[in-house]
Amino acid sequence: MSRERNRAIAALLGTAVVVVVIAVAMFIGLSRNGSTEDITSQEMAIGEDHMLAVDAGGDVYAWGHNKMGELGDVTCDNKSEPVKVEVPGRVVQVAAGNELSFALNKSGNLYAWGDNTSYQMGDGMNISRMEPEKMMEDVAMVAAGSKHAMAIGEDGALYVWGRNKDGALGIDDSACDQTDEDGYACMSTPYKLMDNVAYIDAGEDYSMAITTDGTLYAWGSNIDHQLGLEQTDSENSNGEAYQSEPAKVMDGISKVACGTRYMAFALTEDGVLYGWGDNRVGSVGTTKVADMENNVQATPLKLMEDVTDIAAGSAHAVALTSDGTAYTWGVNNYTQLGMKYGDDVYEIGDESIYYQAEPRELAKHVEAIAAGGFNSMYRSSDGVLRTIGCNLYGQLGIGSEEDSVKTATAVYLKK
């Protein structure tokens with residue numbers, strides 16, 4: 001199935017359900033025999049069809065789709081195995097958007113490469129780049145949406161840039177200084193939005209931030225109730241709801257995970273997982289939502305307890321519990337849940353969307369999880385990273401030409 005085919009399915013799901021998946025997560029470098037070096041970095045990020053990982057020495061590796069140079073190897077060739085990206089300094093975090101990559105080093109310098117057509121690199125230009133370029137200093141954390149990005153400064157200030165479609169940046173279009181080729185207002189350089197921010201994440205045209213007191217805020221598109229708000233303050237020209245500025249969702253939150261656009265999750269400080277959004281293909285992870293007629297959960301709903309981590313794609317998710325068990329749910333068309341089909345199927349014309357509506361065990365003895373594209377991954381207690389799901393562009397990183405893989409397979413950063 002081609003990339004264009006995937007997007008055609010996603011377009012169908014935009015009016016009915018979901019089929020494209022993206023997300024965020026964690027990782028560590030592996031040696032050839034599957035063992036690990038000492039753990040000094042555990043960072044990984046997944047874009048639509050490419051992945052980034054940081055090894056124990058702080059070096060960055062990338063693999064998968066590379067049309068816009070998002071792998072940072074000065075080519076536009078897809079890679080089915082990890083390639084090293086030359087990022088200055090010891091990298092401590094990576095983030096991936098739609099054909100866009102970021103790396104943050106220990107000194108607080110932020111580097112970006114890949115698609116920049118909507119000013120989402122934040123360097124003041126709309127020229128895409130095939131190798132890392134420094135674009136910001138004194139950064140503590142970065143997050144990438146599809147066409148916009150955010151960073152927390154070392155002083156706790158939150159900065160936003162890129163495309164402002166449906167309020168994705170939390171600012172008025174009049175505050176933006178550029179327009180992209182699709183006519184959307186864009187901010188070409190970092191714009192300070194708020195202070196005292198501790199954690200951030202972003203999806204397609206929406207964003208979320210947790211302040212230092214544990215308060216979760218959301219803004220941007222709410223077409224699928226992905227903001228978790230009872231109501232928003234604006235509508236676009238198509239009558240679709242969005243929030244134009246940060247609005248409070250809930251208190252006591254330690255982490256948030258944004259799907260591409262269909263659902264989001266929040267994890268409390270004591271391990272309670274909440275979810276909300278469009279649940280027509282089980283993306284929220286429950287069979288009981290507030291609006292059963294439309295299968296939508298507009299506000300936070302308690303899902304699980306004893307959860308230590310959560311990773312969200314566009315239509316599937318992975319949760320990790322305190323006993324080291326990973327659970328998955330949502331869309332499963334490329335076996336990204338680690339099984340062949342699921343408990344149910346959603347028919348859209350000639351398309352069959354297989355999904356799992358409630359959490360299902362993926363693996364035991366897991367230390368870290370990730371979800372993105374049509375993929376899931378986890379690092380087990382033996383230190384080995386394993387990936388499953390779609391592999392159309394080599395995004396599993398296992399050197400295979402198979403379109404999809406449902407058996408978890410080890411990834412090696414170094415040969």
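Reckoned from all heavy atoms, side chains included, excluding hydrogens, waters and symmetry mates.
Separating the NZ atom in Lys84 from the CG atom in Leu71 is a distance of 16.0 Å, to the nearest 0.5 Å. Interatomic distance, Ser221 OG to Tyr242 OH, rounded to the nearest 0.5 Å: 10.5 Å. Residue Leu362 holds its CG atom at 11.5 Å from CD of Gln336, rounded to the nearest 0.5 Å. Interatomic distance, Met187 CE to Gln178 CD, rounded to the nearest 0.5 Å: 9.5 Å. The SG atom of Cys390 sits 5.0 Å away from atom OH of Tyr334, with the distance rounded to the nearest 0.5 Å. Put simply, CG on Leu216 and OH on Tyr199 are 11.5 Å apart, with the number rounded to the nearest 0.5 Å.
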With side chain to side chain donor-acceptor pair (under 3.5 Å) as the test, would you mind laying out the steps for Thr328 and His316 before giving the verdict? CA-CA 7 Å; Thr328 59; His316 83 290; over 6 Å; no
Is there a side chain to side chain contact (heavy atoms under 4.5 Å, CB included) between Glu269 and Ile253? Walk through the geometry before answering. CA-CA 6 Å; Glu269 297 163 353; Ile253 302 302; over 6 Å; no
Quick one, Asn78 with Asn66, criterion side chain to side chain donor-acceptor pair (under 3.5 Å). Give me CA distance, side-chain angles, the key distance, then yes/no. CA-CA 5 Å; Asn78 299 340; Asn66 197 29; over 6 Å; no
Go through it in stages, so that I can follow the logic: the residues are Asn332 and Gln356, the test is side chain to side chain donor-acceptor pair (under 3.5 Å), and I'd like the CA-CA distance, side-chain angles, deciding distance and then a yes or no. CA-CA 7 Å; Asn332 193 43; Gln356 175 72 26; over 6 Å; no
Begin with the C-alpha distance, continue with both residues' side-chain angles, and end with the deciding distance and a verdict on side chain to side chain contact (heavy atoms under 4.5 Å, CB included) for His65 and Gln395. CA-CA 7 Å; His65 191 264; Gln395 62 263 53; over 6 Å; no
Take Met377 and Ile369 through the side chain to side chain contact (heavy atoms under 4.5 Å, CB included) test and state the conclusion after the steps. CA-CA 6 Å; Met377 61 193 69; Ile369 56 173; over 6 Å; no
For the pair Thr215 and Ile210, evaluate side chain to side chain contact (heavy atoms under 4.5 Å, CB included) and give the outcome as yes or no after the intermediate values. CA-CA 5 Å; Thr215 304; Ile210 303 171; over 6 Å; no
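For the 3.5 Å distance criterion, the side chains of Asp49 and Tyr393 fail to qualify, holding no donor opposite an acceptor. No hydrogens or angles considered: a donor-acceptor pair under 3.5 Å links the side chains of Ser207 and His148. Using a 3.5 Å distance cut-off with no hydrogens or angles, the side chains of Asp278 and Ser283 do not pair a donor with an acceptor.
Contact detail for Ala319 and Val307: the closest heavy-atom pair is CB-CG1, 4.5 Å. Contact detail for Ser376 and Val318: the closest heavy-atom pair is OG-CG2, 3.7 Å. Nearest heavy atom pair, residue Asp224 against residue Tyr262, reads OD2-CD2, 3.5 Å. Considering all non-hydrogen atoms of both residues, Met121 and Ile127 come closest at SD-O, 4.4 Å. Of all non-hydrogen atoms in Ser188 and Tyr119, the two that sit nearest each other are CB-CD2, 3.5 Å. For the residue pair Tyr412 and Pro82, the shortest heavy atom distance occurs at O-CG, 3.4 Å.
At a threshold of 4.5 Å between non-hydrogen side-chain atoms, the residues Cys176 and Cys186 do not count as touching. Looking only at side-chain heavy atoms (C-beta outward), Ile388 and Lys406 stay at 4.5 Å or farther from each other. Within the 4.5 Å cutoff, the side chain of Met135 has heavy atoms near those of the Trp161 side chain. Residues Asn126 and Ser118 are not in side-chain contact: their nearest non-hydrogen atoms beyond the backbone lie 4.5 Å or more apart. For the pair Met44/Met51, a side-chain contact is recorded, criterion being any heavy-atom separation below 4.5 Å from C-beta on. Leu301 is not listed as a side-chain neighbour of Thr299, based on a closest heavy-atom distance of 4.5 Å or more. Between Arg163 and Gln120, every side-chain heavy-atom pair lies at or beyond the 4.5 Å cut-off. The shortest distance between side-chain heavy atoms of Val54 and Asp59 does not fall below 4.5 Å.
Between the side chain of Asn196 and the main chain of Thr211, no donor-acceptor pair closer than 3.5 Å is present. Proximity of a side-chain donor or acceptor of Trp113 to a complementary backbone N or O of Glu70 within less than 3.5 Å is detected. The closest donor-acceptor contact from the side chain of Gln243 to the backbone of Asp233 lies under 3.5 Å. Here the side chain of Asp291 pairs no donor or acceptor atom with the backbone of Asn295 at under 3.5 angstrom. In terms of modelled atom types and a separation under 3.5 Å, the side chain of Asp201 and the main chain of Cys258 share a donor-acceptor contact. A donor-acceptor contact shorter than 3.5 Å is absent between the side chain of Ser107 and the backbone of Asn109. Within the 3.5 Å criterion, the main-chain N or O of Arg261 finds a donor-acceptor partner in the side chain of Gln226. For Asp306 (side chain) and Ser322 (main-chain N/O), no donor-acceptor pair under 3.5 Å exists by modelled atom type. The backbone N or O of Leu267 lies less than 3.5 Å from a partner atom in the side chain of Ser254, making a donor-acceptor pair. For the pair Lys79 (side chain) and Asp77 (backbone), a donor-acceptor distance under 3.5 Å is present.
Salt bridge annotation for Asp180-Lys147: absent, with no cationic side-chain nitrogen under 4.0 angstrom from a carboxylate oxygen. By the 4.0 Å N-to-carboxylate-O rule, Arg129 lies close enough to Asp123 to be salt-bridged with it. With respect to the salt-bridge test (charged N to carboxylate O, under 4.0 angstrom), the residues Lys248 and Asp251 qualify.
Aromatic pair Trp329/Phe265: ring centres closer than 6.0 Å.
Atom CD of Glu131 has 12 or fewer neighbouring heavy atoms from other residues, nucleotides or ligands inside a 6.0 Å radius.
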